[in-house]
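Below: the structure, in structure tokens.
Every number for a ligand or one of its atoms is a count from 1 in the order of the listing. Here the structure is a predicted model, which is why all the values come from computation and not from measurement.
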Amino acid sequence: TTHKVGYFIGSLAKDSINRKLAKALVRLAPPELEMSEISFKDLPLYSYDYDADYPPAGKAFKAAIAAVDAVLFVTPEYNRSIPGGLKNAIDWASRPYGTNSFTRKPSAVIGTSPGAIGTAVAQQNLRSVLSFCNSPQMNAPEAYIQFTPGLITDDGEVTKDTTADFLRTFMQDFHVFIARVRSVLPKDA
Ligand code: FNR
């Protein structure tokens with residue numbers, strides 16, 4: 001069976017290396033995974049003042065998450081955490097109270113940075129947030145991708161075989177994880 005995966009790209013930058021990584025993951029994903037981006041760039045800064053009457057952008061964002069079977073976070077590390085835009089988006093998805101979009105939604109986390117630790121600290125932060133949001137997370141494999149010039153082309157072609165193999169395995173393992181989690185969830189989850 002196929003599964004829909006919505007992916008978030010933590011960076012808003014035009015030349016984002018995490019966008020390149022996301023393109024690579026789309027190309028390397030097993031055919032059972034239908035990949036689509038969930039964009040958060042048009043969301044205003046969240047406040048609970050919106051909860052009483054969620055604006056169309058917030059509703060559309062939550063609907064996009066509801067429409068997929070799993071979510072994938074492809075994020076840079078900014079100041080040892082996730083970018084503010086991504087945190088803002090997660091806050092939008094988690095509310096209004098009682099309608100948290102991530103509860104029971106399987107997730108995986110990956111990211112790339114030019115630095116040697118390859119977004120490890122940001123991912124650890126993100127995992128804490130996703131735990132609180134009650135998302136079943138793929139614990140392993142972890143994926144800390146150090147971006148070197150030319151590693152992934154603008155079209156998402158990975159130029160190093162060992163990295164391509166690793167990313168392909170990551171997506172295959174995510175597929176197995178999604179299938180396993182979904183098999184024990186109620187049909188309407
Ligand atoms: C960074 N960068 C960075 N890198 C890292 O490994 N750890 C960090 O804590 C930070 N902090 C940080 C803060 C801010 C505000 C910026 C703009 C950058 C460098 C970062 O990894 C690099 O700019 C990547 O290109 C970011 O990924 P995207 O946005 O290109 O996908």
Under the ring-ring contact (aromatic ring centres under 6.0 Å, His included) test against Trp92, which residue among Tyr48, Tyr50, Phe61 passes?
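Of Tyr48, Tyr50, Phe61, ring-ring contact (aromatic ring centres under 6.0 Å, His included) with Trp92 is met by Tyr50 alone.
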Is the closest protein non-hydrogen atom to atom 8 (C) of ligand 1 under 4.0 Å?
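Given the 4.0 Å cut-off, atom 8 (C) of ligand 1 counts as touching protein heavy atoms.
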By number and element, which atoms of ligand 1 are closer than 4.0 Å to a non-hydrogen atom of [X]?
X: Asn18; value: 27 (O), 28 (P), 31 (O)
X: Ser11; value: 28 (P), 29 (O), 31 (O)
X: Arg80; value: 7 (N), 8 (C), 9 (O)

Below 30° counts as parallel, above 60° as perpendicular, anything between as tilted: where do the rings of His175 and His3 land?
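Ring orientation of His175 relative to His3: tilted.
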For [atom], which candidate among [options] provides the closest heavy atom?
atom: atom 3 (C) of ligand 1; options: Lys20, Lys14, Glu77; result: Glu77
atom: atom 22 (C) of ligand 1; options: Pro114, Pro76, Pro83; result: Pro114
atom: atom 12 (C) of ligand 1; options: Asn79, Asp15, Leu21; result: Asn79

Between Thr112 and ligand 1, is there a nitrogen or oxygen pair with a distance under 3.5 Å?
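There is no such contact.
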Give yes or no for whether the N/O distance cutoff of 3.5 Å, strictly under, is met between Gly115 and ligand 1.
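No - when backbone and side-chain N and O of Gly115 are compared with those of ligand 1, no distance drops under 3.5 Å.
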Starting from [atom], which protein heavy atom do you reach first, and at what distance in Å?
atom: atom 30 (O) of ligand 1; value: Ile17 N, 3.0 Å
atom: atom 6 (O) of ligand 1; value: Ser113 OG, 2.8 Å
atom: atom 31 (O) of ligand 1; value: Ser16 OG, 2.6 Å
atom: atom 16 (C) of ligand 1; value: Tyr78 CD1, 3.9 Å

Cationic N near anionic O, under 4.0 Å, Lys87 to Asp91:
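Yes.
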Does this structure show an ion pair linking Asp155 with Lys23, if we count only N-O contacts that are shorter than 4.0 Å?
no
The side-chain contact (heavy atoms from CB on, under 4.5 Å) partner of Leu33 among Leu72, Thr2, Val26, Ile178 is Ile178
State which residue, out of Leu167, Ile17, Thr119, fulfils the side-chain contact (heavy atoms from CB on, under 4.5 Å) condition with Ile145.
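Result for side-chain contact (heavy atoms from CB on, under 4.5 Å) with Ile145: Leu167.
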Partners of Phe132 by side chain to side chain contact (heavy atoms under 4.5 Å, CB included), sequence neighbours excluded?
none
Under the side-chain contact (heavy atoms from CB on, under 4.5 Å) criterion, do Phe147 and Thr163 qualify, and how do the steps go?
CA-CA 10 Å; Phe147 199 93; Thr163 303; over 6 Å; no
When every non-hydrogen atom of Pro136 is compared with those of Lys105, the smallest separation belongs to CD-O, 3.4 Å
